[in-house]
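Everything on this sheet refers to the single structure shown next.
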Amino acid sequence: QDLNFYKSKAINQIDSAIQAILNASNQHDFTTAIAQANAFIDAALDYEFIDISEKAKWLDDIADAVRTQTIEESA
């Protein structure tokens with residue numbers, strides 16, 4: 001039961017950081033959000049709240065958010 005609680009918290013942190021990537025309005029916020037998302041993913045994996053396949057999925061989500069944000073900035 002504790003594992004589910006902490007996994008849920010970890011996923012919420014990762015989701016929030018990815019949303020922060022998408023909502024960043026300057027380079028500092030953008031870079032900070034990417035670093036936070038990666039740190040949250042690494043911590044969740046280290047504490048075994050997620051497995052390596054879930055990490056890969058989250059990294060894809062980060063890449064998609066970065067791509068979306070950079071395409072919108074250049075448009």
Side-chain angles (χ1 to χ4, degrees):
Q1 187 172 348
D2 282 347
L3 177 64
N4 289 334
F5 173 78
Y6 289 115
K7 181 175 182 166
S8 173
K9 290 287 189 185
I11 288 171
N12 287 339
Q13 287 179 317
I14 297 166
D15 274 335
S16 293
I18 291 172
Q19 284 303 310
I21 294 170
L22 291 169
N23 296 329
S25 59
N26 59 59
Q27 186 63 44
H28 178 265
D29 291 348
F30 181 64
T31 304
T32 300
I34 293 169
Q36 284 181 335
N38 282 309
F40 290 148
I41 290 168
D42 287 343
L45 182 65
D46 289 347
Y47 285 102
E48 299 180 353
F49 300 141
I50 63 172
D51 60 28
I52 197 73
S53 64
E54 289 172 298
K55 178 180 179 174
K57 181 246 182 234
W58 286 114
L59 292 177
D60 284 344
D61 289 352
I62 290 173
D64 290 344
V66 168
R67 195 173 309 109
T68 298
Q69 181 67 297
T70 53
I71 288 171
E72 287 180 5
E73 285 180 4
S74 65

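Every value quoted in this text rests on a predicted model; they were computed, and no experiment measured them.
- At a threshold of 4.5 Å between side-chain heavy atoms, the hydrophobic network of Ile, Leu, Val, Met, Phe, Trp and Tyr places Ile52 and Trp58 in one connected group.
- Shown here is Lys57, whose NZ atom has more than 12 heavy atoms of other residues, nucleotides or ligands within 6.0 Å.
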Quick one: side chains of residues 34-50, donor-acceptor pairs under 3.5 Å with protein atoms, not counting sequence neighbours, listed by atom name and distance.
residue, atom, partner, partner atom, Å
Asn38, ND2, Ile34, O, 3.1
Asp42, OD1, Lys55, NZ, 3.1

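- Side-chain N or O atoms of Ser16 include one that pairs as donor or acceptor with a backbone N or O of Asn12 at under 3.5 Å.
- Minimum interatomic distance between Asp64 and Arg67 (heavy atoms only, all atoms of both residues): OD1-NH1, 2.8 Å.
- In this structure a side-chain-to-backbone donor-acceptor pair under 3.5 Å is missing from Asp29 to Ser25.
- Interatomic distance, Phe30 CZ to Asn23 CG, rounded to the nearest 0.5 Å: 12.0 Å.
- Put simply, the side chain of Gln69 never gets that close to the backbone of Val66: no donor and acceptor are under 3.5 Å apart.
- In this structure, Ala17 and Ala33 approach most closely via the heavy-atom pair O-CB, 3.8 Å.
- To the nearest 0.5 Å, the span separating CD1 on Ile21 from CD on Gln19 amounts to 9.5 Å.
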